[in-house]
Amino acid sequence: MWPADPLTLSARESWNTCTSLSRDTKSNDRLGTRLRAAEHIAEDAANAFRAAALSRTLFSLKSEDFQVSDIPGARVSDIVYDSGMTNGPGRAIYDEVMDGRDEDLCPMCRHTEVTQLDHVMPKKAFPALCVAPDNLVGVCGFCNFTKGDGTTEDSAKVLLHPYFEDAATELWLKAETTPGSAGVLRYFVAAPPHWDPVFASRVRHQFDFLELGKRYSSKANQILSGMRQHFGRQLNASGASGLKTHLDGLAASHRADDLNGWAGVAYSSWAADQAFCQGSFIVS
């Protein structure tokens, strides 16, 4: 739900690089030559994928429209992506997807560091897209595992594509303290009222599907455990209003970096809670 910068490399260039060493043998029916000749298929597939991503219609894409001649999808993926990209001449492209970014956190959750490369559309079901730069996104292991190879025809359940969609410019993430919990937070999505209903549903779905409420609450509670003593000193020194001002300052600092970051939302939520500012976070 947070933006990431795509590669400027074209799908045709990526395909040509990753198939450049694919071999012809007596037993594989000139497979290497056939794969290299499919560069136009890869380019057309990437153009169709980009158009769908821009129009928010990825749910309408059909696997049968993204095949490579008569070559099974798993075979294409094994040769072009596994041998040609991750372990072959296209490795530099893989590394650029993983490393060529200013932000180390996963754009799907902004919770955990990027460690894996995800195919937006599964590489074996959509083999013509297996090395298309627009279909390759660096993500964290949790999000990659949870997403898996599934696709959906439900427009309200399509995960946001970080190269083409950005929910980070408007405030949608909020939290509230759980009564009697000494400051433990519950996170939730509060979509702006002017959002398109389907887009709002997609944000809510991604929040729930990737367990962001649970993951953010865990982070916030860790911070709270380490800051209780500090907050207590601030309360003793300047009273409830002083603690609120302090928390608002922390929230503003974090939100200047990420409007919907779990940390900024945490401090803002604690600042807005009168009982918290009066010391409900203190545990005996």
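Residues take their numbers from the sequence shown, with the count starting at 1. Note that the structure is a prediction, hence the values are computed from the model and not measured.
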State, yes or no, whether a side-chain contact exists between L250 and W270 at a heavy-atom distance under 4.5 Å. no
Rounded to the nearest 0.5 Å, how far apart are CG of D78 and NZ of K124? 5.5 Å
Please check: side-chain N/O of T115 versus main-chain N/O of G141, any donor-acceptor pairing under 3.5 Å? yes
Looking at side-chain heavy atoms only, is the closest gap between E165 and P162 below 4.5 Å? no
Side chain to side chain contact (heavy atoms under 4.5 Å, CB included) assessment of D118 paired with L136: CA-CA 6 Å; D118 172 58; L136 309 177; over 6 Å; no
Are T17 and I93 side-chain neighbours, meaning at least one heavy-atom pair lies under 4.5 Å? yes
So do H111 and K219 actually touch side chain to side chain, heavy atoms under 4.5 Å? yes
NZ or CZ of R50 within 45° of F164 ring axis and under 6.0 Å: no
Using a 6.0 Å cut-off, check whether atom CZ of R23 has over 12 heavy atoms from anything other than its own residue. no
Shared hydrophobic cluster for V198 and V120 (ILVMFWY, side-chain gaps under 4.5 Å): no
Can we say R110 and D257 salt-bridge, meaning some charged N sits less than 4.0 Å from an Asp/Glu carboxylate O? yes
Please check this pair: side chain of D24 against backbone of T33, looking for a donor-acceptor N/O pair closer than 3.5 Å. yes
Does this structure show an ion pair linking D208 with R204, if we count only N-O contacts that are shorter than 4.0 Å? no
Tell me yes or no: between the side chains of Q222 and S225, is some donor less than 3.5 Å from an acceptor? no
Under 6.0 Å from the CZ atom of R12, do we count more than 12 heavy atoms belonging to anything else shown? yes
Flag, side chain of S238 to backbone of L235, donor-acceptor distance under 3.5 Å: no
Have a look at H119 and tell me which of Y81, F49, Y94 forms a ring-ring contact (aromatic ring centres under 6.0 Å, His included) with it. Y81
With a 4.5 Å limit on heavy-atom distance, are the side chains of R228 and I282 in contact? no
Salt bridge E153-K62, side-chain N to carboxylate O under 4.0 Å: yes
Once rounded to the nearest 0.5 Å, what's the spacing between atom NE2 of H161 and atom CE of M108? 10.0 Å
With rounding to the nearest 0.5 Å, note down the distance linking OG in S155 to CG in L58. 11.5 Å
Is a donor on one side and an acceptor on the other found under 3.5 Å between the side chain of N221 and the backbone of S217? yes
How are the rings of Y267 and H254 set to each other: parallel, tilted or perpendicular (split at 30° and 60°)? parallel
In sequence, state the C-alpha distance, the side-chain angles, and the governing distance for L31 and S22, and then conclude on side chain to side chain contact (heavy atoms under 4.5 Å, CB included). CA-CA 8 Å; L31 183 59; S22 298; over 6 Å; no
Min side-chain heavy-atom separation Y163-P107 under 4.5 Å: no
Return the CG to CG distance between L54 and D134, rounded to the nearest 0.5 Å. 8.5 Å
The reported gap from CZ in R233 to CE in M227 (rounded to nearest 0.5 angstrom) is 9.0 Å
Are the ring centres of W262 and W2 closer than 6.0 Å? no
Just wondering, more than 12 heavy atoms not from Q274 lying within 6.0 Å of its CD? no
